[in-house]
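Reading through the structure tokens given below for one structure.
Since the model is a prediction, treat every value here as computed from it, not as a measurement.
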Amino acid sequence: MEIDPSERRERFFSALDLGPYAAKLRSLTPQGAKPISREAILRAFLAAPLEGISTFTQLHRRDLRFHYQCGFSLHESVPSVSTLSRVFQAIVDKGVAETRFAELVRQCRDEGLIEGEHVAIDSTAIHAYERKHPRSGVQPSNRVNWGAKFDAFGNRLAWFGYKVHLAVDAKSELPMALTPDFDTL
């Protein structure tokens with residue numbers, strides 16, 4: 001089924017109920033500050049990879065149509081880069097992404113989309129939004145780090161970010177489980 005690119009975001013968002021997850025993030029608004037829709041920010045984060053947006057700055061500078069489709073008010077300014085960064089960190093700290101992932105996997109199993117009879121397991125690099133740090137002096141932690149691996153031709157590939165191990169249903173090609181690897185070196 002082909003989806004017209006102009007309808008892609010709208011159809012994507014109509015299938016998502018982000019209200020419960022946005023509620024977990026509402027406490028981030030400083031007292032006295034005008035609240036920015038956490039649900040709109042979550043939509044923007046989900047749409048970013050689909051649109052080739054890889055930094056908070058790019059997300060902040062995106063056109064009005066994108067921001068409107070994500071649910072931001074046209075009468076107010078878009079969230080600052082620091083606001084986007086704080087909300088993203090809260091998503092990580094409060095486990096919002098892990099909770100939603102587990103619920104989606106359960107829902108896909110219930111609907112028969114994921115069978116789990118044949119599973120493929122592999123890992124992949126996830127590049128970080130953060131500023132790169134020198135390799136010396138970086139201590140392994142649950143934060144961003146340098147990672148490296150060898151490709152099929154023996155070439156060493158290095159990245160600054162994270163590494164994640166995935167278990168994927170071979171038939172549907174949908175992820176079933178993931179585990180971050182914080183010791184990438």
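- Scanning all heavy atoms of the two residues, the minimum distance from Glu173 to Val168 falls at C-CG1, 3.5 Å.
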Could you walk me through whether Gln58 and Glu51 pass the side-chain contact (heavy atoms from CB on, under 4.5 Å) test, one step at a time?
CA-CA 11 Å; Gln58 289 174 334; Glu51 300 295 323; over 6 Å; no
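- In the hydrophobic clustering of this structure, Leu42 groups with Ile53; members are Ile, Leu, Val, Met, Phe, Trp, Tyr whose side-chain heavy atoms approach within less than 4.5 Å, directly or through other members.
- Summarising the geometry of Phe56 relative to Ser85, their closest heavy-atom pair is CE1-CA, 3.8 Å, with the distance given to 0.1 Å.
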Decide yes or no on side-chain contact (heavy atoms from CB on, under 4.5 Å) for Ile121 and His165, but give the supporting numbers first.
CA-CA 7 Å; Ile121 299 173; His165 300 276; 5.5 Å; no
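- Side-chain heavy atoms closer than 4.5 Å link hydrophobic residues (I, L, V, M, F, W, Y) into clusters, and following such links, possibly through other members, connects Val92 to Val87.
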I'd like to know whether Leu59 forms a side-chain contact (heavy atoms from CB on, under 4.5 Å) with Phe45, so could you lay out the CA-CA distance, the side-chain angles of the two residues, the decisive distance to 0.1 Å, and finally the verdict.
CA-CA 8 Å; Leu59 192 58; Phe45 286 155; 3.6 Å; yes
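- In this structure, OG in Ser172 is found 9.5 Å from CZ in Arg109, a value given to the nearest 0.5 Å.
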Show your reasoning for whether side-chain contact (heavy atoms from CB on, under 4.5 Å) applies to Arg62 and His67.
CA-CA 7 Å; Arg62 194 58 197 242; His67 288 216; 3.5 Å; yes
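- Annotation: side-chain contact (heavy atoms from CB on, under 4.5 Å) contacts of Ser37 (sequence neighbours excluded): Glu39, Ala40.
- Taking CD of Gln69 as the reference point, atom CG of Asp63 lies at 8.5 Å (rounded to 0.5 Å).
- Taking CZ of Arg106 as the reference point, atom CE of Met176 lies at 15.0 Å (rounded to 0.5 Å).
- To the nearest 0.5 Å, the span separating CD1 on Ile91 from CZ on Arg38 amounts to 9.5 Å.
- In Leu157, the CG atom is crowded: over 12 heavy atoms of neighbouring residues, nucleotides or ligands sit closer than 6.0 Å.
- Atom CG of Leu174 and atom CD1 of Ile114 lie 5.0 Å apart (nearest 0.5 Å).
- The OG1 atom of Thr83 lies 15.0 Å from the CZ atom of Phe88; values are rounded to the nearest 0.5 Å.
- In terms of hydrophobic clustering, with Ile, Leu, Val, Met, Phe, Trp and Tyr side chains grouped at heavy-atom distances under 4.5 Å, Ile41 and Tyr68 are assigned to different clusters.
- Following chains of ILVMFWY side-chain contacts shorter than 4.5 Å, one cannot reach Leu178 starting from Leu104, and the two form parts of different hydrophobic clusters.
- Both Leu84 and Val96 are members of a single hydrophobic cluster when ILVMFWY side chains are connected at heavy-atom separations under 4.5 Å.
- Taking the side chain as every heavy atom from C-beta outward, Thr124 and Val164 approach each other to under 4.5 Å.
- For the residue pair Thr55/Thr57, the side-chain donor-acceptor check at 3.5 Å is not satisfied.
- Nearest heavy-atom pair, Phe72 versus Pro79, reported as atom, atom and distance to 0.1 Å: CE2-CG, 3.4 Å.
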